[in-house]
*Asks:* 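Dropping the structure in here first, questions after.
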Amino acid sequence: MEARISPSLQLSTWIDSEKIVRKPSGLLRFRQRSTGKERLQMLVSCHLEYRRAAKRHNLVSCSSQNHQASALEFESLPASIEEALVLKSKSEEIEPYLDDRCIYLVGMMGSGKTTIGRILAEVLGYSFFDSDKLIEQDVGGTVVSDIFKLHGESFFRNTETKVLQKLSFMHRLVVSTGGGAVVRPINWKYMHKGISVWLDVPLEALAHRITSVGTNSRPLLHHGEGDTYTKTFKRLSTLWEERSEAYTNANARVSLDNIAAKLGHEDVCDITPTEIAFEALLQIESFVKK
């Protein structure tokens, strides 16, 4: 079956043209759409809504103990107004050094790239994109798992590279990439036009998190025998062996083991998304101020 893809992967289908302005160089740049105070108010409002939603639903964490505010919960937001203020303060410190460069989050599946990416985008005044969602959109809305079934991994990777190429011409984006985006050197060429950040999460935590929410949307995990956790852990271990060296190409590394040790957490699942986002800002700061 032949996939339907826009030959040029038009960015106009991804971005509201009213939200961007063209730089003198011809590249696109996102306009600051709100003040720091307004963005902070938005963070607080979203946080309160998240807290209310959390009371209505049992949020699943990355371990069997159901730690509240797990680092790997999707849609997580800063845990307090104080944390939001600290994040905003740090983001304002490093923003002048970013020079409008995009930030690309890389890491294994389930490492929290979407969660952390949204938080970073909010505090930096950037826009957020999930590369997998852009791929789905350019294949007629077909979800990733079906793209793998219908067209194979090679087709998916080719489309992923085209998406990253287009994004490399943009400014002021936080991009959550797919776990396997790092395997192609050409993708690093595009991502290194911005700043790449590796979210390094222990495999055990990844396996717990993915198992708890299901593997249906993870086509690379639909192999092997045994219970779901065992299959997931074994497959993640294989993928890690294939990709671990590639992840070291990132400009900055955010290690959850290091964060846990620094903050005195016994389990990486006790780390909040805010703490991870703050560490990401610290590592980005270290890179841009070299």
Side-chain angles (χ1 to χ4, degrees), residues 29-30 32-44 46-47 50 69-108 111-131 167 170-177 191-201 247-265 268 270-290:
R29 179 179 185 276
F30 279 84
Q32 293 282 7
R33 289 167 288 170
S34 56
T35 66
K37 181 178 180 181
E38 289 171 340
R39 287 195 295 272
L40 177 58
Q41 290 173 338
M42 187 182 300
L43 268 174
V44 173
C46 289
H47 163 66
Y50 172 75
S70 159
L72 301 181
E73 288 169 0
F74 286 95
E75 311 298 338
S76 297
L77 288 166
S80 70
I81 295 176
E82 291 78 13
E83 287 182 336
L85 287 168
V86 170
L87 271 179
K88 187 60 190 171
S89 176
K90 176 55 65 177
S91 70
E92 290 175 345
E93 287 179 24
I94 71 171
E95 198 274 338
Y97 296 91
L98 296 179
D99 195 28
D100 290 345
R101 284 174 287 182
C102 294
I103 295 172
Y104 296 88
L105 299 181
V106 302
M108 293 283 284
S111 59
K113 299 184 293 289
T114 298
T115 300
I116 306 308
R118 285 175 174 156
I119 294 174
L120 291 176
E122 188 58 56
V123 297
L124 289 169
Y126 276 31
S127 292
F128 173 78
F129 281 125
D130 181 326
S131 65
L167 290 173
M170 305 299 293
H171 286 71
R172 301 186 66 82
L173 304 179
V174 175
V175 180
S176 168
T177 67
M191 290 191 288
H192 278 161
K193 291 185 178 181
I195 300 168
S196 52
V197 180
W198 170 25
L199 299 186
D200 186 7
V201 182
Y247 286 128
T248 63
N249 288 316
N251 301 126
R253 172 177 174 249
V254 176
S255 166
L256 265 67
D257 278 334
N258 289 348
I259 298 174
K262 182 162 53 176
L263 299 180
H265 293 308
V268 297
D270 293 327
I271 305 171
T272 68
T274 311
E275 290 167 340
I276 299 173
F278 185 75
E279 180 68 17
L281 290 176
L282 290 178
Q283 296 304 321
I284 293 171
E285 180 180 41
S286 177
F287 170 72
V288 298
K289 289 187 176 181
K290 283 182 180 178

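These numbers come from a predicted model, not from an experiment. Every heavy atom of this structure was used, including side-chain atoms; hydrogens, water molecules and symmetry mates were not.
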*Asks:* Can you see which heavy atom on A121 is nearest to which on F128, and at what distance?
*Replies:*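 So the minimum-distance heavy-atom pair works out to CB-CB, 3.9 Å.
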*Asks:* Hey, is the main chain of A250 close enough, under 3.5 Å, to the side chain of Y104 for a donor-acceptor pair?
*Replies:*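 Checked: no pair found.
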*Asks:* Within the side chain of S131, is there an N or O that forms a donor-acceptor pair under 3.5 Å with the backbone of S176?
*Replies:*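 Looks like yes, one N/O pair under 3.5 Å.
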*Asks:* With distance as the sole test, does R101 use its side chain to make a donor-acceptor pair with the main-chain N or O of L98 at under 3.5 Å?
*Replies:* yes
*Asks:* Atom NZ of K193 and atom SG of C102: how far apart are they, to the nearest 0.5 Å?
*Replies:* 10.5 Å
*Asks:* Okay, side chain of T274, backbone of E83: is any donor-acceptor separation there less than 3.5 Å?
*Replies:*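 Between the backbone of E83 and the side chain of T274 there is no qualifying donor-acceptor contact (under 3.5 Å).
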*Asks:* Do Y126 and L120 have side-chain heavy atoms sitting under 4.5 Å apart?
*Replies:* no
*Asks:* Rounded to the nearest 0.5 Å, what's the gap from CD1 on I103 to CD1 on I195? Could you check?
*Replies:* 5.5 Å
*Asks:* Can you find a pair of side-chain heavy atoms, one from Y97 and one from E285, that are under 4.5 Å apart?
*Replies:*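 No, too far: nothing below the 4.5 Å cut-off.
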*Asks:* For R253, which of V197, L199, T248, N258 qualifies under side chain to side chain contact (heavy atoms under 4.5 Å, CB included)?
*Replies:* N258
*Asks:* Please answer whether the main-chain N or O of R172 pairs with a side-chain N or O of D100 as donor and acceptor at a distance below 3.5 Å.
*Replies:*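 Checked: no pair found.
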*Asks:* Quick check: do P273 and I119 have side-chain heavy atoms less than 4.5 Å from each other?
*Replies:* yes
*Asks:* Can you tell me how far apart CZ (R118) and OG (S127) are? Round to the nearest 0.5 Å.
*Replies:*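 Taking CZ in R118 and OG in S127, the distance rounds to 12.5 Å.
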*Asks:* Taking H192 for its side chain and N249 for its backbone only, find out whether a donor-acceptor pair lies under 3.5 Å.
*Replies:*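 A pair under 3.5 Å: yes.
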*Asks:* For the backbone of M108 and the side chain of K113, can you confirm whether one donor and one acceptor N or O come within less than 3.5 Å of each other?
*Replies:*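 Yes, because the side chain of K113 sits within donor-acceptor range (under 3.5 Å) of the backbone of M108.
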*Asks:* Taking S196 for the side chain and N251 for the main chain, is one N or O donor matched with an acceptor at less than 3.5 Å?
*Replies:*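 Yes.
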*Asks:* Quick check: does any side chain N or O of S89 sit under 3.5 Å from a backbone N or O of V86, one acting as donor and the other as acceptor?
*Replies:*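 Answer holds: no.
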*Asks:* Would you say the side-chain atoms of Q283 pair up with the backbone N or O of A280, donor to acceptor, closer than 3.5 Å?
*Replies:* no
*Asks:* Taking side chain as C-beta onward, heavy atoms only, is V288 less than 4.5 Å from D99?
*Replies:* no
*Asks:* Let me see the working for I94 and L281 under side-chain contact (heavy atoms from CB on, under 4.5 Å), right down to the final yes or no.
*Replies:* CA-CA 8 Å; I94 71 171; L281 290 176; 3.6 Å; yes
*Asks:* Scan I116, I259, D200 and name whichever one has a side chain to side chain contact (heavy atoms under 4.5 Å, CB included) with V254.
*Replies:* I259
*Asks:* Find out whether I271 and I276 are in side-chain contact, i.e. whether some heavy atom of one side chain is under 4.5 Å from a heavy atom of the other.
*Replies:*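 Heavy-atom side-chain distance check passes, below 4.5 Å.
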*Asks:* Take Y247 and V106, measure what side-chain contact (heavy atoms from CB on, under 4.5 Å) needs, and give me the verdict at the end.
*Replies:* CA-CA 7 Å; Y247 286 128; V106 302; 4.2 Å; yes
*Asks:* To the nearest 0.5 Å, tell me how far H265 NE2 sits from L256 CG.
*Replies:*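 Going from the NE2 atom of H265 to the CG atom of L256 covers 9.5 Å.
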